[in-house]
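I have placed the structure first, in the form of structure tokens, so that the comments after it can refer back to it.
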Amino acid sequence: MSIKLYNTLTRRKEDFTPLDPDRVTMYLCGPTVYSYAHIGNARPAVVFDVLNRLLRHHYKTVVFARNITDVDDKIIAASEVSGEPIDAITERFTDIYNEDMQALGVLPPDIEPRATAHMPEMIAMIAQLIETGHAYESDQHVLFSVTSYPDYGKLANRSLDDMQAGARVEVADYKRHPGDFVLWKPSADGQVGWDSPWGRGRPGWHIECSAMSARHLGKTIDIHCGGIDLIFPHHENEIAQSCCAHPGTPFVRYWVHNGFLTMNQDKMAKSVGNVLTVNELRKRVHPEVLRLALLSAQYRQPLDWNEDVVQQATDRLDKMYCTLRSVENIQLSEDELTPGEEMLAALGDDLNTPKALAVMAKLVSRINVATDDDERRVAKAQLLASGRLMGLLELPLNEWLQNCQGRALSSEQINALVTEREHARANRNFQRADEIRQQLTDASVQIEDSNEGTLWKFLQ
RNA sequence: GGCUGGGUGGCAGAGUGGUUAUGCUGCGGCCUGCAAAGCCGUCUACGCCGGUUCGAUUCCGACCCCAGCCUCCA
């Protein structure tokens, strides 16, 4: 079963084959840790988590790195505003980020490199770029010379001339070419900084990913992913740095980028005041719902975030868990849990998660239509295995169906009422039975009578 | 202005040169003491205009509209 990925570099879907079949390498541009991650930040984390899971299904070893950018002008600015030391800010928000992502079912990366822990690597790479004529020192800055790299602009499909024509920003006078970007910049006294051959300063934004991916994954990596907005300039600059520092060695074999998330059709931005943080959102929406909602559109498509999307994800998930409850008595062994070909084909086709969800819906249907337990068994196994690839359906059933947290009634109270109602029904006292049901309905508890007895669940 | 994507039924969202996506919702039915759940059936589609074709939502061209990037940004 193959995996096809849309490669931004070639603008088409390509069959994925790792350079080393025994060791797939993948790098995702992680957060800059100066504030809470918003739901848009969560999209790449979640969709590329599915890719990570899929790769692990197909290959023995996958090395997945997601960096932490813990030195950046925005962090410095945040520190200056609050007075909180930089280390404290970055540590706190790294922890919050990881908690948020864990709640969303994102597997932890194998390596989580921090920029501040890789100064020697960055400095060495910059020094090498200067030596080979790809970078120059100017007014205490070190700049990458874009004209020294003929392929500059290839990822974004953009020529240097186009960029100059569209320039909207005043060009710093220490730049030889307006497209030249900072590798190293000076730090003022009292500002965070490291000693370097070019004076005390700090790295530019792009160099950390080049240095850290080479250090941890190798000079050539299989997959590099991130948001579509990173194509230019971030990833374009990474390519320039890495290819010039490692001449003759390809940097990234598959560039994969996720589309943007909008809020009720608007761009999510602080200036619009519509930024929804994961941390805040998961207090009132089950994180698995957030995950499913993020996977409800194919990753390259735009995804509009609104109440409807959340509600529909809730309904889908509820249906799946309810169906799983109906086959709760079927015990499965670990080796039965294999996803079907259809599921692997859907995800293998450039992570077609909506199609994958459709496959899961059909499995739900198969369970409900099945006439014997053998059929149900196979469908349940495939559903759970599919869920595992998607990072869904991994909760104990009652954590979804009967979680009493924040509810008006405890499970003891509900069970007592359900039992009382069953007695009333047995005595054909339907008036009392309906009274109890109304009482439960008022507490958002839904009753399901069946031959095996009465089941209940909370309405989501 | 340059470069990317995209416009599918009430909503979300796949996909395909001729055949049911899928989920939620609406409607009818089965089941049920009544419900709920489930099942069965069913109504609204492919931005606009041309072209290619026996046949286009699907390919090609023009147009309109939307979003993103070109500056920090997932």
Side-chain angles (χ1 to χ4, degrees), chain A residues 6 8 11 28-32 37-48 72-74 77 153 155-159 161-170 179 181 205 225-234 236 257-262 265-270 292-304 306-320 322-323 325-326 346 349 352-362 364-365 367-369 424-425 428-431 433-434 437-438 440-441 445-451 454-457 459:
Chain A
Y6 183 89
T8 306
R11 312 262 162 202
L28 170 63
C29 289
T32 301
H38 57 62
I39 189 68
N41 299 124
R43 191 176 190 194
V46 168
V47 300
F48 297 125
D72 178 274
D73 286 359
K74 277 176 297 199
L155 180 70
N157 190 25
R158 198 170 287 190
S159 73
D161 292 346
D162 291 342
M163 289 178 230
Q164 268 175 286
R168 280 189 268 158
V169 169
E170 246 180 85
F181 57 91
W205 174 35
C225 31
I228 198 169
D229 55 314
L230 294 182
I231 293 172
F232 194 89
H234 185 52
E236 193 69 60
H257 293 98
N258 67 275
F260 249 58
L261 184 144
T262 52
Q265 312 288 347
D266 286 327
K267 179 175 177 167
M268 182 162 44
K270 278 184 186 151
L292 198 155
L294 288 171
L295 296 174
S296 65
Q298 202 263 356
Y299 75 94
R300 286 190 285 119
Q301 299 310 124
L303 172 64
D304 189 50
N306 53 61
E307 280 309 309
D308 241 35
V309 163
V310 174
Q311 188 55 51
Q312 293 196 13
T314 306
D315 293 343
R316 286 181 95 130
L317 202 53
D318 194 49
K319 182 169 179 172
M320 290 196 273
C322 285
T323 301
R325 175 158 72 173
S326 73
D349 184 13
N352 193 335
T353 51
K355 204 173 191 178
L357 287 170
V359 171
M360 290 173 75
K362 282 185 202 160
V364 164
S365 208
I367 290 174
N368 287 323
V369 173
R425 288 183 73 220
R428 303 196 62 79
N429 183 354
F430 296 122
Q431 196 190 334
D434 290 349
R437 182 169 61 201
Q438 187 57 50
L440 289 167
T441 303
V445 176
Q446 187 177 77
I447 293 289
E448 285 177 34
D449 294 328
S450 76
N451 293 337
T454 298
L455 296 173
W456 65 270
K457 65 161 187 169
L459 291 169

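In the text below, chain A, chain B and the rest are named by the order of the sequence lines, each starting its count at 1.
Looking at heavy-atom distances under 4.0 Å, A:Leu261 makes contact with a base. If you check every strand for non-hydrogen atoms under 4.0 Å, A:Asp449 touches a base.
Under the rule for a salt bridge (Lys or Arg N to Asp or Glu O under 4.0 Å), the partners of A:Asp73 that lie at least two apart in sequence or sit in another chain are A:Lys185, A:Arg202. For A:Asp72, there are no salt bridge (Lys or Arg N to Asp or Glu O under 4.0 Å) partners at least two apart in sequence or on another chain. Under the side chain to side chain contact (heavy atoms under 4.5 Å, CB included) criterion, A:Arg316 pairs with A:Leu292, A:Leu357, sequence neighbours left out. With sequence neighbours left out, the side chain to side chain donor-acceptor pair (under 3.5 Å) criterion links A:Thr454 to A:Glu422, A:Asp449. Applying the salt bridge (Lys or Arg N to Asp or Glu O under 4.0 Å) rule to A:Arg437 yields the partners A:Asp434; only residues at least two apart in sequence or on another chain are considered. Every residue two or more places apart in sequence or in another chain that forms a side chain to side chain contact (heavy atoms under 4.5 Å, CB included) with A:Asp229 is listed here: A:Phe260. Under the ring pair (Phe, Tyr, Trp, His ring centres under 6.0 Å) criterion, A:Tyr6 pairs with no residue, sequence neighbours left out. Judged as a side chain to side chain contact (heavy atoms under 4.5 Å, CB included), and not counting sequence neighbours, the contacts of A:Gln312 are A:Asp308. Residues passing the salt bridge (Lys or Arg N to Asp or Glu O under 4.0 Å) test with A:Lys362, sequence neighbours excluded: A:Glu342.
Taking every side-chain heavy atom of A:Arg425 into account, B:rG33 is the closest of B:rG38, B:rU4, B:rG33.
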So which protein N/O to nucleotides 65-69 of chain B N/O distances come out below 3.5 Å?
unit_1: B:rC69; atom_1: OP1; unit_2: A:Lys267; atom_2: NZ; d: 3.1
unit_1: B:rC69; atom_1: O2; unit_2: A:Arg158; atom_2: NH2; d: 3.2

Pairs: protein N or O with nucleotides 22-24 of chain B N or O, under 3.5 Å:
unit_1: B:rG23; atom_1: N2; unit_2: A:Gln312; atom_2: OE1; d: 2.3
unit_1: B:rG23; atom_1: N2; unit_2: A:Gln312; atom_2: NE2; d: 3.3
unit_1: B:rC24; atom_1: OP1; unit_2: A:Lys319; atom_2: NZ; d: 3.1

Legend entry - Under the 3.5 Å Watson-Crick or G-U criterion, the dot-bracket string of RNA chain B, with | for inter-strand pairs: (((((((..(((.....[...))).(((((.......)))))....(.(((..]....))).))))))))....
